[in-house]
Each structure stands twice: as structure tokens, then as C-alpha cells.
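The structure under discussion appears below in the form of C-alpha cells.
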Amino acid sequence: MKKFSIVIAGGGSTFTPGIVLMLLENLNQFPIQKLKLYDNDAARQSTIAEACKIILKEKAPGIEFLATTDPEAAFTDVDFVMAHIRVGKYAMRELDEKIPLKHGVFGQETCGPGGIAYGMRSIGGVLELIDYMEKYSPDAWMLNYSNPAAIVAEATRRLRPDSKVLNICDMPIGIENRMAQILGLKSRKEMKVRYYGLNHFGWWTDIRDQNGNDLIPKLKEHVRKHGYTVPKDDADASWSDTFLKARDVYALDPDTLPNTYLKYYFYPDYVFEHSNPEYTRANEVMEGREKFVFGECQKIIENQSTQGSKLHVDEHASYIVDLARAIAFNTQERMLLIVENQGAISNFDPTAMVEIPCIVGSNGPERIAIGEIPQFQKGLMEQQVSVEKLVVEAWITRSYQKLWQALTLSKTVPSAKVAKAILDDLIEANKDYWPKLHKEDVVVR
Ligand code: NAD
Ligand code: G6P
Ligand code: MN
């Protein structure tokens, strides 16, 4: 079997060790020649890289390994770029979450004003990775899960339409794992799903087992009472709240099963009231996942061994291997991807980046037709996709006005006045990351 070379961009990510361990678990179906880590923060990446080097030495000494901040070394001679960068890191995520709270609006990594701010930072970073890939390995594919995926995907559609980039999100997979537990199935792969929406903004309409039996009634019964909470739930406090809140999200449209992120659009007042302006998810992640991952890597380095390490395979990231295998071996796997609509949802903007099932093979994804969607979803999606398009338009044209419109249009922001106040604070906080916006034609009365 051919062996593949991979670069993980955002090598210093908290998710890198789990993904590396997951890749090593899957070598029999996805053999690796060379594994490289690339980051623009050498110090952050080095802890993760040193630990990964020891992991590889123990588990797969045949794989060549390199960690670098040099784009040429990183992107030369690779088949896949697995991208999960966070431009501005947790320090900026914390501001994305805390600035809107000062103005009475919740702050979140990918939704509402926080997601818009992160989008304005991410676009340039992700485009840079695509350009490195195309310069040094023109035949490679990028599997991108850098957030905010909806905005990043729209930017790639606008600015790199011919690039081999696949945008993907793990939230439906996380929820489907929970559904499988609720149903008593061994794996989410025993379910065949129909789903549509935007990234972090979608609905399941049909879920069946391999024999075609409808699994939706049993799931609805559970979600109506418990959301996506499962027995022995070990999620962080904020995620537990989100999984439970799915029952209120579900209540709004009992014909479908919702993505958890819809809570930010249907219950923004609830989310705001339950936010602590001094301690947001960024703080929870910095004290939790980041401390844990970097601490465990440090221990591996000190011991020069993984013995006793609590780092574990990120099973739920196996969708990344599935996607790479679909391209590499033409598996024709059915997967949810963020792709240009092009008529798949027949009564929706053909240029919208939508999240729908696709069949993936060597030549990329083929969309599965969804047909017409109901007025409720269509209305919500038109508003949200317009926000995402306006953010990208603002980034391209450096327009203050467009970004103000994007914030005002977001269902999560109550007025143009509040949108402007948030925007002005975000501009100040993001001055090292956002393009400079032109304000000349703004008229404020
Ligand atoms: P993290 O801050 O731990 O890691 C991100 C890394 O990216 C850092 O080491 C940082 O130095 C690096 N980086 C930032 N800008 C860069 C650039 N321009 N070039 C190269 N490297 C750069 O963050 P994390 O919490 O581990 O998350 C990583 C990313 O994965 C985030 O964007 C997160 O939202 C995303 N993510 C997406 C999904 C999904 O469903 N699509 C799931 C999980 C995580
Ligand atoms: C889910 C989403 C990702 C998001 C992550 C946030 O997996 O699909 O897009 O980045 O949650 O997780 P965090 O633990 O960083 O808040
Ligand atoms: Mn996601």
C-alpha cells in the first residue's frame, strides 16, 4: 500500500497529540511515510513536537518526523495538510468571548460577534497555508478544520475557488457518537444520516440503521427529555450544559434533531445570563485541556518515555483518517462536509457554503441532494449565511461598513448601536490581526 506524507499545520494545537495517536492507531489502513508538524510559534510547538517524537520512536520508528516553522520544509513533498490553526491563540479567544459580554451579548468561539472576530483573524492564516501547500506540494489536499469553519470555508470559496481544500467539522460526529450511545449501537457508523444546514447551524432529518429501520423516534424520545446527555457523561461543565440545552433547541422544531450550536441563536438571552464575564470557555480550556495536554507532553519529555502517559487516542478525530482515506483510496465514504450548495438545497442560495452529506472519492466530494427545506430553517439560514458572507466581503474589501452590517444582521446582536459598540472594541483588540478597515464612508447619526 502507498505510504502518505502529512503535515499537521497548527502543530502546537492541544489536539495534535490525540490526532497523532489516532493516526498511529490507523496505520494499517492509512500508512504513513512522513509526519511533519508546522506552526508559526516555535516555542509552543516544541513541547508537543518533542513528545510526539518520543511517541513515534516507541510506536512507529519507521515514520520520518520533522517539526518546523519553515513553510518550505513543512509543505514540501506532502500528500495531505491537516490544518487546525488558531490565529491569536487562546488569548484572543478569551477576548472574543469577553468583549461582547460587556455589551450584553454572549461571547462564543464560532457564533455571534466572537466568531466574527475570530473569522477576521483566521481568513488570512488559512489562505497562507493554502498558498504554501500549492507552492510546495501542488497535488496535495488540505483537510481544514480551523475555525470558524463557516467563515473560513466561505473565504476559501471566494478567494481560492480551485484549491483542493475540504472543510470539515466534528460537532455532528460528536453528537452522532452520543446518538449511537443513546440507541445502544456500537458505533455511529451503524447509522445512515440525512442532515443539512450551515456549519454549527444544522439539523438531522433522517437517521436509519443499516436495515433501513427508522431510529429517529427513539432519539426524539431521549432528546425531548435529556437533550444529548448520555449516562456517564464526562464532558466539561459548559459542554454538559450545551448537551442538556439541546432539549430546548429541539422543542422549537420537533420534526428534526438539532445541532447543539443552535442554542446560541435560539436562546442567546439564556446563554448571556449563564455567562461569567470573568471566566469563559477560553479560561476553562486553558485550565483544563491546555494544561493537561502540555503537562502530559512535558512528562513524556522528562521521562523520555510515554510510560504512564494519560494522553489518549482522539478516537473521535478518526473522521480525519476517514476523509484522508476517501481521497487516497477512493473509498466513496459518505461524510458531512462544508461545500458550496450548488443546488443541493434547492430553495437556497447556490453559492452558500452548506454542511451536507457528500460521497467522497479521489476527485473530491459529490453532494447528495437535499431538496427543499422548510421556511423556518430557510429563514434562519439565509440570515446566518448573509452574516458569514458579509464578514468575508468585509475582509476582502477592508470595509468597516460591511462588518458593521454583518454584526447587525447576526441574530445574536440586538441592534446596530450595540453592533457598533462591540465592533469598535473588537477592532481595538484585534489590531495586530485584522486587516485595517476603512471607515471613511460610515455615517453615524
Ligand atoms: P491551539 O491554540 O491549542 O492550537 C492552535 C495552534 O495554531 C497554536 O499552536 C498556534 O501557534 C498555531 N497557529 C496560529 N496561527 C498560525 C498560523 N498562521 N500558522 C501556523 N500556525 C498557527 O488551539 P486548539 O484549541 O487546539 O484548536 C485548534 C483549532 O482547531 C482551532 O481553530 C479550533 O477551533 C479548531 N477545531 C475545530 C474543530 C472543528 O470541528 N472544525 C474541532 C476542534 C478544534
Ligand atoms: C466542537 C466544534 C469545534 C469547536 C470545539 C470547541 O468540537 O465542532 O468546532 O472548536 O467544539 O471546543 P472547545 O473545547 O475548544 O470549546
Ligand atoms: Mn466545528
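Atoms within each ligand, like the ligands themselves, are counted from 1 in listed order.
Heavy-atom contacts of Asp41 reach the following atoms of ligand 1: 11 (O) (cutoff under 4.0 Å). Residue Thr14 has at least one heavy-atom neighbour below 4.0 Å for each of these atoms of ligand 1: 3 (O), 24 (P), 25 (O), 26 (O). Less than 4.0 angstrom separates some heavy atom of Asn147 from each of these atoms of ligand 2: 3 (C), 4 (C), 9 (O), 10 (O). Close approach to Cys169 involves these atoms of ligand 2, each under 4.0 Å from a residue heavy atom: 8 (O). Distances below 4.0 Å separate heavy atoms of Arg289 from the following atoms of ligand 2: 13 (P), 14 (O), 15 (O). Listed by number with element, the atoms of ligand 2 under 4.0 Å from a non-hydrogen atom of Glu109 are 4 (C), 6 (C), 10 (O). Near Cys169, meaning under 4.0 Å from any of its heavy atoms, are these atoms of ligand 1: 39 (C), 40 (O), 41 (N).
Annotation: cation-pi pair Lys245/Tyr267 present, NZ/CZ under 6.0 Å from the ring centroid and within 45° of its normal.
Of the options Arg93, Met171, Glu97, His316, the smallest heavy-atom separation from atom 15 (O) of ligand 2 is shown by Arg93. Which of Glu290, Arg44, His316 comes nearest to atom 3 (O) of ligand 1 through a heavy atom is settled by distance: it is Arg44. Nearest-heavy-atom check against atom 8 (O) of ligand 2 across Asn259, Ile173, Ile168, Asp170 picks out Asp170. Scanning Tyr145, Tyr118, Phe15 for the heavy atom closest to atom 31 (C) of ligand 1 points to Tyr118.
When non-hydrogen atoms are compared, ligand 2 lies under 4.0 Å from the side chain of Tyr261 (C-beta onward) but not from its backbone. With a heavy-atom cut-off of 4.0 Å, Tyr145 does not touch ligand 2 at all. At a heavy-atom cutoff of 4.0 Å, ligand 2 is contacted by no atom of Asp236, backbone or side chain.
For ligand 1, one of its N or O atoms has an N or O atom of Tyr90 under 3.5 Å away. Where the criterion is an N or O separation shorter than 3.5 Å, residue side chain and backbone included, Lys89 fails it with respect to ligand 1. Between Asn147 and ligand 1, at least one N/O pair is under 3.5 Å apart. Of the polar atoms of Ile85, at least one N or O is found under 3.5 Å from an N or O of ligand 1, judged by distance alone. Of the N or O atoms in Ile168, one or more lie within a sub-3.5 Å distance of an N or O in ligand 1.
Salt bridge annotation for Glu154-Lys389: present, with a cationic side-chain nitrogen under 4.0 angstrom from a carboxylate oxygen.
Put simply, the side chain of Tyr250 reaches to within 4.5 Å of the side chain of Lys220, judged on heavy atoms.
Two rings, from Phe4 and Phe329, have their centers less than 6.0 Å apart. Ring centers of Tyr132 and Phe75: under 6.0 Å apart, within the cut-off. Checked against the 6.0 Å centroid threshold, Tyr261 and Phe201 do not count as a close aromatic pair. Note: Tyr195 and Trp204 meet the aromatic proximity criterion, with ring centroids under 6.0 Å apart.
Scanning all protein heavy atoms for the shortest distance to atom 14 (O) of ligand 2 gives Arg281 NH2, 2.4 Å. Scanning all protein heavy atoms for the shortest distance to atom 27 (O) of ligand 1 gives Arg86 NH2, 3.5 Å. Atom 28 (C) of ligand 1 has its closest protein heavy atom at His84 O, 3.3 Å. The shortest contact between atom 6 (C) of ligand 1 and any protein heavy atom is with Asp39 OD2, 3.7 Å. Protein heavy atom at the shortest distance from atom 12 (O) of ligand 2 is Trp239 CZ2, 3.9 Å. Scanning the protein for heavy atoms near atom 34 (O) of ligand 1, the closest one is Glu109 OE2, 2.6 Å. Nearest non-hydrogen protein atom to atom 4 (O) of ligand 1 is Ser13 CA, 3.1 Å. From the protein, the heavy atom lying nearest to atom 18 (N) of ligand 1 is Asn40 ND2, 3.3 Å.
Within 6.0 Å of NZ on Lys34 lie more than 12 heavy atoms contributed by other residues, nucleotides or ligands.
In this structure, Gly174 falls outside the shell of residues with a heavy atom less than 4.0 angstrom from ligand 2. Under a 4.0 Å heavy-atom criterion, Ser146 is in contact with ligand 1. The closest approach between a heavy atom of Arg93 and any atom of ligand 1 is not below 4.0 Å. For the pair His200 and ligand 2, a heavy-atom separation below 4.0 Å is found.
Heavy atoms only, all atoms of each residue included: Lys310 and Glu296 are closest at N-OE1, 2.8 Å. Shown here for Tyr400 and Leu437, the closest heavy-atom pair between the two residues is N-CB, 3.9 Å. Between Ser146 and His84 the shortest heavy-atom distance is OG-CA, 3.5 Å. Minimum heavy-atom separation, Pro148 to Gly115: CG-O, 3.4 Å. Residue Pro113 comes nearest to Ile422 through the heavy atom pair CB-CG2, 3.9 Å, listed as atom of the first residue, atom of the second, then distance. Shown here for Ser122 and Val87, the closest heavy-atom pair between the two residues is CA-CG2, 4.1 Å.
Checked against Asn283 for a side-chain hydrogen bond (donor to acceptor under 3.5 Å, both in side chains), the options Glu97, Glu278, Glu94 give a single hit: Glu94.
We find the CG-CG distance between Leu426 and Leu403 to be 8.0 Å, quoted to the nearest 0.5 Å.
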Residues Asp206, Lys192; criterion salt bridge (charged side-chain N to carboxylate O under 4.0 Å, His left out); working and verdict: CA-CA 8 Å; Asp206 195 78; Lys192 185 152 262 177; over 6 Å; no
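Side-chain contact of Arg86 with Asn147: a donor-acceptor pair under 3.5 Å is absent, judged by distance alone.
The angle that His200 NE2 and Cys169 SG make at the Mn ion (ligand 3), rounded to 10°, works out to 100°.
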